[in-house]
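One structure is given below, encoded as C-alpha cells.
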There are 2 protein chains.
Amino acid sequence: MNAARRTDPQRRDRIIDACLSVIAEQGVAGASHRRIALEADVPLGSMTYHFAGMDELLQAAFNRFADTVADRFEARMSAATTPHEARRAVVDIILKDVFTHPEDLVLSHEIYTLAARRPEFRTITDRWMTRSRIALRRHFDADTTMLLDALIEGLTIHRALTVGPVDDALVAEAVDRMLRRD
Amino acid sequence: MNAARRTDPQRRDRIIDACLSVIAEQGVAGASHRRIALEADVPLGSMTYHFAGMDELLQAAFNRFADTVADRFEARMSAATTPHEARRAVVDIILKDVFTHPEDLVLSHEIYTLAARRPEFRTITDRWMTRSRIALRRHFDADTTMLLDALIEGLTIHRALTVGPVDDALVAEAVDRMLRRD
DNA sequence: ACATGATGTGTACACTCGTACACATGACGA
DNA sequence: TCGTCATGTGTACGAGTGTACACATCATGT
C-alpha cells in the first residue's frame, strides 16, 4: 500500500540519530525498536532490515555519540598552542562542553553502564578514551595526561549529580594542582 | 497449598539483597519482579506486597547499596589519624575498595545513570556524596575535599573501563598533586 | 474449639517486546 | 514496454512484563 519513499539513503543515519534521541530521553531500557521507529518516522520493519538486532543498533549509536564528543574534545585541544591555552582548554571542556550539552551527560552514563558490564561495548569507550588522551598528550606528559583525563571525568560527573553548582574557579584550581609537577 | 513459612521478617531484606544481586548481574534493565523473586526464593505476589512498585524497590535497593559503600568509605577515613594516614586512606579507597568489590562498580554506574535522568533517585546520590565529603572534611579543607572527591570518582571509573591497569603509583601521585596547596 | 481478620500467595489480564517472514514495490536492463 | 529481482514493509507470533485481586492460610483472642 503506502510503500512510498523507495530509496532513502539517509534512513540508516536517521535511525541512529533517533536511537540516540530516544536513549537520551528514556534510557537504553526504554529504547525499543518501536519507539525508535516512531521517532525516526520509519516503519518497524526497517529496524531489522538495517540492523541485525538491538545490539548492532546500540553499537552504531554509541559509536556515533563517542565520535561526536571526541571530535569536540580534539577540536578544543588542537586549538590551543601555548601551555596556558592548553590549561584553559581543559577547563573549558569541563565547564562549557558538558554544560552546553546536558543530554550528553545522560548518554555518557548509559554507555559507561553498558561498557562496565559488557566487554563488546568497551571497544567504544576504549577508542573514545584513547582519542582524548592523544589530544591531551600533545600538550602534557604521559602521567599528567592520564591524571587530567581522570580528573575531567570526575569533575564532569559530580557537576552532573550535584544539586548546587560547583564553583567554576574551583575547577580551574583543580586543573592547576594537577599540572604542578613535583 | 504450599503457603508454608508464615512469618518471615527478613523477607523484605532478602528481596532487597536479591534485587541488588540481580542488578549487578543483569543491570536495572534485566531486573524484573519475576527474576528477583526467583533469586530471593519468594513468590511473585510478595513483590507487590512488600513494595508498591518497581521504583520503590529500586530506591530501597540503591539506598542500601549507597549506605554500604559510604560506610566503608567512612570507616577508612575515620581510621586515619594523621595527614599521612589520611592521604594513604584516600589512595586505598581507590586502589583497594573498588578493586575488591568489582560488582560495586557496575552498581555505581547503574545508580548514576538512574540519577542522571531521574531526580527522585538523585537524593540517593546526594546523600552518598555528602557522607563522603563529610568524611574527607575531617582531614582536608573544603576545596581540597571537593577536588579529592571528584578525583576519586574519575580514577575509579577509568580504572574500571580501561583495559590496561592504571599504575598504582600514579594514583598516589594524583592524590599528592591534589594535596599540594598553592 | 473456633471465628476472625491480618498476612501472604497464585493466577490471570492487558500490554510491550524482538524478530521472522511472506509479500508489495518500483528501478532498471532488455 | 515489460519482466525481474533487489529493496523495503506490514503483520503475526511467542515470550516476557507489571500489576491487580480473589483467595488461602494461620496466629490470635475469646
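Chain letters run A, B, ... following the sequence lines, proteins first, then strands; residues in each count from 1.
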Classify the side chain of B:R34 versus the base of D:dG16 as yes if they form a donor-acceptor pair under 3.5 Å and no if they do not.
-> no
Of A:T48 and B:Y49, the one whose closest nucleotide on DNA chain C sits nearer the 5' end is B:Y49
Look at the side chain of B:S32 and decide which nucleotide, out of D:dT19, D:dT17, D:dA12, has an atom nearest to it.
-> D:dT17
Euclidean distance, atom NE2 of residue A:H33 to atom P of D:dT11 [Å, nearest integer] = 19 Å
What is the distance, rounded to the nearest whole Å, between atom CG of A:L44 and atom C1' of C:dC21?
-> 13 Å
Nearest-Å distance, CE (A:M54) to P (C:dA20)?
-> 15 Å
Check for a donor-acceptor pair, side chain of A:E85 on one end and backbone N or O of A:T81 on the other, with a separation under 3.5 Å.
-> yes
Do B:L114 and B:F62 have side-chain heavy atoms sitting under 4.5 Å apart?
-> yes
For A:S46 and D:dG8, is the shortest distance between a side-chain N/O and OP1 or OP2 below 4.0 Å?
-> no
Measure the distance from CG on A:L38 to P on C:dC17 and round it to the nearest whole Å.
-> 11 Å
Less than 3.5 Å between a donor and an acceptor, one on the side chain of A:R11 and one on the base of D:dG8, is that the case here?
-> no
Toward the 5' end of DNA chain C, by each residue's nearest nucleotide, A:R35 or A:G45 | A:R35
Calculate the interatomic distance between A:R12 atom CZ and D:dG8 atom C1'; express it in whole Å.
-> 15 Å
Take the protein atom CG of A:D55 and the nucleotide atom C1' of C:dT19, then report the distance between them rounded to whole Å.
-> 14 Å
Starting from C1' on D:dT19, measure out to CD1 on B:I36 and report it in whole angstrom.
-> 15 Å
A:E120, CD: over 12 other non-hydrogen atoms inside 6.0 angstrom = yes
Does the side chain of A:L151 come within less than 4.5 Å of A:L147's, by heavy atoms?
-> no
Hey, would you say the A:F65 and A:W128 ring centroids sit under 6.0 Å apart?
-> yes
In whole angstrom, give the distance that lies between atom CD1 of B:I15 and atom C1' of C:dT9.
-> 12 Å
